[in-house]
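We use all heavy atoms of the structure for the numbers below, so side chains are in, but hydrogens, waters and symmetry mates are not.
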Amino acid sequence: MELQKASEAISNYIRECSNIIHKKGHQIAQEYDLTYDQYHLLIYLSFSKTPPTISEISKKYNRAQNTISEKISRLEEKELVSRIDDSMDRRITRVIITEKGLNLINTIRQERSNRVTYIALKKMNNREVENLLTNLTKLYNNLNKED
């Protein structure tokens with residue numbers, strides 16, 4: 001297979017694998033009584049370096065502030081997030097993921113890995129798994145290099 005066609009096929013397989021894993025993550029999140037939006041909000045908050053405001057979240061998701069505020073309130077009821085006052089400006093309220101929320105996201109990630117990726121890899125022999133990991137690592141490193 002020529003390199004250009006191989007490149008397109010590999011990109012498509014990676015994208016489709018990612019989509020499958022992501023979709024299965026949603027199904028697992030539903031088992032923990034999280035909606036699609038709640039799950040994504042928790043993931044976003046878990047990666048936020050600085051706790052965002054409702055306004056920042058609404059811009060990120062292109063939703064009205066009152067819609068985001070309602071979603072945050074539901075997550076607060078589940079003790080997965082909390083609102084905190086900004087340390088520099090008391091008029092600003094920020095949203096932070098709680099320890100319980102972080103634990104839940106980590107649990108879902110772990111279950112997704114165990115129930116989705118692990119089961120698929122179990123159908124391959126050790127050499128195939130090692131080759132896949134080696135080659136994915138090489139691809140990642142080559143993509144990550146600045147040329």
Side-chain angles (χ1 to χ4, degrees), residues 1-84 86 93-147:
M1 178 182 289
E2 73 174 72
L3 191 55
Q4 182 62 39
K5 288 192 187 265
S7 171
E8 291 171 15
I10 289 167
S11 292
N12 285 336
Y13 278 119
I14 290 171
R15 185 174 34 261
E16 289 304 315
C17 287
S18 179
N19 288 341
I20 291 166
I21 293 167
H22 192 79
K23 183 179 174 186
K24 299 283 186 177
H26 289 164
Q27 292 169 352
I28 294 167
Q30 283 181 328
E31 294 171 19
Y32 285 93
D33 196 30
L34 289 179
T35 66
Y36 176 91
D37 287 342
Q38 289 173 338
Y39 178 58
H40 280 272
L41 277 169
L42 288 177
I43 290 171
Y44 171 67
L45 292 171
S46 74
F47 284 109
S48 295
K49 297 201 185 323
T50 304
T53 63
I54 298 288
S55 175
E56 291 167 343
I57 297 169
S58 68
K59 286 177 187 168
K60 161 112 176 98
Y61 288 99
N62 197 26
R63 300 271 177 85
Q65 286 188 28
N66 64 332
T67 301
I68 295 297
S69 186
E70 289 172 19
K71 292 180 186 310
I72 295 300
S73 293
R74 288 191 190 100
L75 288 170
E76 275 184 308
E77 290 168 7
K78 297 178 182 185
E79 300 176 347
L80 301 174
V81 302
S82 53
R83 297 175 204 237
I84 57 170
D86 185 275
T93 302
R94 297 193 173 276
V95 180
I96 190 166
I97 189 167
T98 63
E99 192 68 31
K100 182 177 178 181
L102 281 173
N103 289 339
L104 180 57
I105 287 298
N106 288 331
T107 297
I108 293 168
R109 283 184 185 134
Q110 186 67 45
E111 281 198 38
R112 183 183 65 193
S113 176
N114 289 340
R115 289 168 47 184
V116 180
T117 310
Y118 179 80
I119 289 171
L121 291 174
K122 262 180 78 168
K123 297 174 184 173
M124 299 166 68
N125 66 44
N126 285 346
R127 185 173 172 87
E128 290 171 324
V129 172
E130 289 169 15
N131 286 338
L132 177 62
L133 186 56
T134 297
N135 289 316
L136 283 173
T137 301
K138 284 181 184 178
L139 178 62
Y140 170 82
N141 289 335
N142 288 339
L143 289 169
N144 209 26
K145 285 182 186 172
E146 292 184 28
D147 289 329

Tabulate below the donor-acceptor pairs under 3.5 Å that side-chain atoms of residues 97-105 make, not counting sequence neighbours, or state none.
residue, atom, partner, partner atom, Å
Thr98, OG1, Glu79, O, 2.8
Thr98, OG1, Leu80, O, 3.0
Thr98, OG1, Lys100, N, 3.4
Thr98, OG1, Gly101, N, 3.1
Lys100, NZ, Lys78, O, 3.2
Asn103, ND2, Glu99, O, 3.3

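With a 4.5 Å cut-off on side-chain heavy atoms, Ile57 and Lys71 do not count as touching. The shortest distance between side-chain heavy atoms of Ile108 and Leu42 does not fall below 4.5 Å. Looking at heavy atoms from C-beta onward, Ile72 lies in side-chain contact with Val81 at the 4.5 angstrom threshold. Ser58 is not listed as a side-chain neighbour of Thr67, based on a closest heavy-atom distance of 4.5 Å or more. Here the side chains of Asn142 and Lys145 are in contact, with some heavy-atom distance below 4.5 Å. Contact check for Ile43 versus Tyr39: side-chain heavy atoms found under the 4.5 Å cut-off.
Using a distance-only test at 3.5 Å, with no hydrogens or angles considered, no donor-acceptor pair links the side chain of Ser113 to the main chain of Arg109. In this structure, the side chain of Asn144 does not engage the main chain of Tyr140 through any donor-acceptor pair within 3.5 Å.
No more than 12 heavy atoms of other residues, nucleotides or ligands shown are found within 6.0 angstrom of CG on Leu3. The local environment of CG in Asn141 is crowded, with over 12 non-hydrogen atoms from other residues, nucleotides or ligands closer than 6.0 Å.
Put simply, OG1 on Thr35 and CG on Asp33 are 9.0 Å apart, with the number rounded to the nearest 0.5 Å. In this structure, the separation between CZ on Arg115 and CD on Gln110 is 12.0 Å, given to the nearest 0.5 Å. Once rounded to the nearest 0.5 Å, the distance linking CG of Leu133 with CD of Glu130 reads 8.5 Å. Distance check, rounded to the nearest 0.5 Å: CZ of Arg74 to CG of Leu41 gives 11.5 Å. In this structure, Asn12 CG and Cys17 SG are separated by 10.5 Å, a value rounded to the nearest 0.5 Å. A distance of 7.0 Å separates CD1 in Ile14 from CD1 in Ile10, rounded to the nearest 0.5 Å.
Judged purely by distance below 3.5 Å, without hydrogens or angles, the side chains of Gln27 and Glu31 never pair a donor atom with an acceptor atom.
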- request: For Lys23 and Val116, run side-chain contact (heavy atoms from CB on, under 4.5 Å): C-alpha distance rounded to whole Å, both residues' side-chain angles, the deciding distance at 0.1 Å, then the answer.
  value: CA-CA 10 Å; Lys23 183 179 174 186; Val116 180; over 6 Å; no
- request: Step by step, work out the side-chain contact (heavy atoms from CB on, under 4.5 Å) result for Glu76 and Arg83.
  value: CA-CA 8 Å; Glu76 275 184 308; Arg83 297 175 204 237; 2.9 Å; yes
task: Evaluate the criterion side-chain contact (heavy atoms from CB on, under 4.5 Å) for residue pair Thr117 and Ile21; output intermediate values, then yes/no.
output: CA-CA 7 Å; Thr117 310; Ile21 293 167; 3.9 Å; yes
query: Where do Leu75 and Leu34 land on the side-chain contact (heavy atoms from CB on, under 4.5 Å) test, with the steps shown first?
result: CA-CA 9 Å; Leu75 288 170; Leu34 289 179; 4.2 Å; yes
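Between Tyr44 and His40, the distance from one ring center to the other does not fall under 6.0 angstrom.
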